[in-house]
Engineer: 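The following block contains the structure, expressed as structure tokens.
The structure displayed is predicted, hence computed values, not measured ones.
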Amino acid sequence: MRGTEFLPVSREDMARRDWYYYDFLVVTADAYIDHPSFGTTLIARTLEAEGYRVAILAQPDWHDCEAFRAMGKPRYGVLIGGGNLDSMVAHYTVAKRRRTTDLYSPGGKMGLRPDRATIVYANRAREAFPDTPIVIGGLEASLRRFAHYDYWDDKVRRSILFDAPADLLVYGMGESATREIARRLAKKTPVNEITDVPGTAYIAQDDSGCIFHRVECPSYEAVCQDKEAYARATKIQYDEHDPIRGKAILQPCQGRLLVVNPPARPLSREALDALYDLPYVREVHPMYTEPVPAIEEVRFSITHNRGCFGGCNFCALAFHQGRMVTSRSIASVLREAEELTHDPQFKGYIHDVGGPSANFRHPSCAKQKKCGMCAHRSCLAPEPCPNLDADHSEYTELLRRMRALPGVKKVFVRSGVRYDYLLQDKNKEFFSELVKYHISGQLKVAPEHCVSSVLDYMGKPHFDVFLKFWRQYQKMNESDAKEQYLVPYLMSSHPGCTLQDAVELAVFIKRTGHIPEQVQDFYPTPGTVSTCMYYTGLDPRTMAPVYVARDPHQKALQRALLQWGRKEKRALVIEALEQAERTDLIGFGPECLVRPVKGEKYFPEKGAVKAAAKTPKKDGRGPKPEGTVHRGRPKNGAKGKMSPKKKADFARQRAKKAAK
């Protein structure tokens, strides 16, 4: 049932509830939106459902600790999250330029959260409540739980726990670990004795408090000094990130020991259903006088799954949510959809029924339920695993039943669809119905590149898989008489991508007629395998060297190639083609990326005939006659003679004028 009451954000709210104390203060770097798409809200509502009194402190003034004291001291603890995005990603582009808007703040205003929000908030909370347990969590803490390369500082930083004076770190989605920590704190268990909760990390003097099987990875000092040690540490961290077979990881740091317990098990379907049945108001808190843009993307969208076994190396999802997929029941999702139809703003369109990957509903194979995920291979790339269970039947049934709900006109699927997984399903019902009912004019997919070696570094399937999907997609649209397009997301400057590879991708874009809506430069966010490659120049899976475009100008050249049609990129495109020794792509042929202009060295000499001019035109007409350059003029540049008929017509017109 849809909630009607927000959680308290002030003493006045507490007084209206007749509260003279509260149990947990939940701090977030985002504006307070009471919606299940926001991690802070999920954690706060989970604690409320357990019977605790929870207050929210959203985007507090961090310049002193008074905002943290405003509602008084919580009985059990302070829980701090950096928001739905890493605060540095929220503030800076890949070019390290300050962004102009913050979608998670009222009015889209910048400056309402600090850089490295989790660290700053934890320090202010410690000033406000010196003896109160502090727990940090959320995406920012999760991806920075180990010593990590920080793109903005361009150096290795130690685990966030050493900079944020917190007692515990919760990583992953966090509901199970948070519930257990809250239960123990309520029983007056000292926080330094809570060392055995899966999905948590803490700092210790030694490993005596660790009850799990353990493995040590290179120390903070080692990964700072030795890039091979950093790559080995990354491999260990990914290999052990499994709730069934994973071990605790120990990382020494400056005389102390970081202990990261194995991940928590994913929530069961029943637990996930219960989580999404909690009384969310599904609105921005009314204390804001300006709208918070982030709500509009999710207001009429539904999350039906968690986890992703896609295995993209540049994506942080696997290191946060994990590779093991769980999903809500059809009944739970339909309850939420039916609830949306009663919203006064609902116009009949459900914008998305998705998650990390929209078409995942269950674990990738039956084996992992007992043995965990395979440590040394991906489920989908470069080739699908023989044990892969590609089955869309439940997702197809869910979408069918949602379409049939009274008040629902259209149900869209706008989250990423894994086309490689879709092709493995021999039953084509989902593919057919996706094309027929669930696309709003264009389907967005992410092949990312077209060169096999680059795709291997990315952890993506080879390009022939995308081309196969594209052909089938076109056929289905033709059979349904639909004009729907495929929009591929592309990435430049990923580790392993050379300038020559970028040229190949540009040629593909030109050949297929695609004009990319956006091109994403590779962004080295904390905790990913690709970021490890970027920093070390090594593939942590094989320890083989990897080419990395680190220089801003080299990255600009790669990006320009993918936007070859933009006038302001012309000089960069020509420079890139020269460096790649592909000046054959400067000319008038249909395959060329740049047309030369007069005065450039690539402009043909006067009267020269381009061989490309002889190629048939798109409308089927043959090439222009030999010697023709422009407007039918001969190659010697002389004007053509007027035909006798035309001469006679002009003579008659002159005679008429003279007679008048």
Engineer: Shortest non-hydrogen contact from Thr303 to Gly355?
Structural biologist: CG2-CA, 4.5 Å

Engineer: Among all residues two or more places apart in sequence or in another chain, which pass the ring-ring contact (aromatic ring centres under 6.0 Å, His included) test with Trp470?
Structural biologist: Phe466, His514

Engineer: Locate the shortest heavy-atom distance separating Arg2 from Val281; write the atom from each residue and the value.
Structural biologist: NE-O, 3.1 Å

Engineer: Judged by modelled atom types alone, do Arg99 and Thr93 share a side-chain donor-acceptor pair under 3.5 Å?
Structural biologist: no

Engineer: Any side chain to side chain donor-acceptor pair (under 3.5 Å) involving residues 170-179? Give me the pairs, sequence neighbours left out, ordered by first then second residue.
Structural biologist: Glu175-Arg306

Engineer: Would you check if Tyr457 and Cys497 make a side-chain contact, meaning some heavy-atom pair closer than 4.5 Å?
Structural biologist: no

Engineer: Given the side-chain rings of Phe360 and Tyr421, with only the six-membered ring counted for Trp, is the space between their centroids under 6.0 Å?
Structural biologist: yes

Engineer: Can the positive tip of Lys96 be found less than 6.0 Å from the middle of the six-membered ring of Tyr151, inside 45° of the ring normal?
Structural biologist: yes

Engineer: Given Leu572, which of Gln558, His553, Arg566 fulfils the side chain to side chain contact (heavy atoms under 4.5 Å, CB included) condition?
Structural biologist: His553

Engineer: Specify the closest pair of heavy atoms between Ala122 and Ile136, including all atoms of both residues, with the distance to one decimal.
Structural biologist: CB-CG2, 4.3 Å

Engineer: Go through the structure and list residues passing ring-ring contact (aromatic ring centres under 6.0 Å, His included) with Phe346, not counting sequence neighbours.
Structural biologist: Phe300

Engineer: Are any of the side-chain heavy atoms of Asn305 and Pro356 separated by less than 4.5 Å?
Structural biologist: yes

Engineer: Looking at Arg335 and Glu338, is there a salt bridge between them, counting it only when a charged N and a carboxylate O are closer than 4.0 Å?
Structural biologist: no

Engineer: Stepwise, does the side chain to side chain contact (heavy atoms under 4.5 Å, CB included) test hold for Lys444 with Arg414?
Structural biologist: CA-CA 7 Å; Lys444 297 177 181 178; Arg414 286 177 172 159; over 6 Å; no

Engineer: Quick one, Asp115 with Arg98, criterion salt bridge (Lys or Arg N to Asp or Glu O under 4.0 Å). Give me CA distance, side-chain angles, the key distance, then yes/no.
Structural biologist: CA-CA 11 Å; Asp115 287 354; Arg98 188 85 169 172; 3.4 Å; yes

Engineer: Among all residues two or more places apart in sequence or in another chain, which pass the side-chain contact (heavy atoms from CB on, under 4.5 Å) test with Glu296?
Structural biologist: Arg299

Engineer: Tell me whether the rings of Phe412 and Tyr349 are parallel (<30°), tilted (30 to 60°) or perpendicular (>60°).
Structural biologist: parallel

Engineer: Any salt bridge between Glu433 and Arg403, counting N to O under 4.0 Å?
Structural biologist: yes

Engineer: Scan for salt bridge (charged side-chain N to carboxylate O under 4.0 Å, His left out) pairs involving residues 77-90, sequence neighbours excluded, and state none if there are none.
Structural biologist: Asp86-Arg144

Engineer: Which residues pass the ring-ring contact (aromatic ring centres under 6.0 Å, His included) test with His304, not counting sequence neighbours?
Structural biologist: Tyr395

Engineer: Report the residues that fulfil ring-ring contact (aromatic ring centres under 6.0 Å, His included) with Phe319, sequence neighbours left out, ordered by chain and then residue number.
Structural biologist: Tyr238, His241

Engineer: Tell me every residue that passes side-chain contact (heavy atoms from CB on, under 4.5 Å) with Lys155, counting only those two or more places apart in sequence or in another chain.
Structural biologist: Asp153, Arg157

Engineer: Can you list every salt bridge (charged side-chain N to carboxylate O under 4.0 Å, His left out) pair that touches residues 55-66, not counting sequence neighbours?
Structural biologist: Glu66-Arg69

Engineer: Mind running salt bridge (Lys or Arg N to Asp or Glu O under 4.0 Å) on Arg113 and Glu140 for me, showing each step along the way?
Structural biologist: CA-CA 13 Å; Arg113 74 176 89 205; Glu140 185 167 84; over 6 Å; no

Engineer: For Ala337, what residues pass the side-chain contact (heavy atoms from CB on, under 4.5 Å) criterion, not counting sequence neighbours?
Structural biologist: Ile302, Ile350, Met402, Leu405

Engineer: Going by side-chain hydrogen bond (donor to acceptor under 3.5 Å, both in side chains), Tyr149 matches just one of Thr525, Asp154, Thr531. Which one?
Structural biologist: Asp154

Engineer: Under the side-chain contact (heavy atoms from CB on, under 4.5 Å) test, which residues partner Cys532, sequence neighbours left out?
Structural biologist: Tyr230, Ala231, Thr234, Thr536, Pro540

Engineer: Could you tell me which non-hydrogen atom of Gly107 sits nearest to which non-hydrogen atom of Glu290, and how far apart they are?
Structural biologist: N-CB, 3.6 Å

Engineer: Measure up the Phe38 and His35 rings against each other and bin them: parallel (under 30°), tilted (30 to 60°), perpendicular (over 60°).
Structural biologist: perpendicular

Engineer: For Asp34 and Tyr32, which I'm curious about, is there any donor-acceptor pair between the side chains at under 3.5 Å?
Structural biologist: yes

Engineer: Restricting to salt bridge (Lys or Arg N to Asp or Glu O under 4.0 Å), what partner residues turn up for Lys410, sequence neighbours left out?
Structural biologist: none

Engineer: Pro461 and side chain to side chain contact (heavy atoms under 4.5 Å, CB included): which partner among Leu455, Leu380, Asp420?
Structural biologist: Asp420

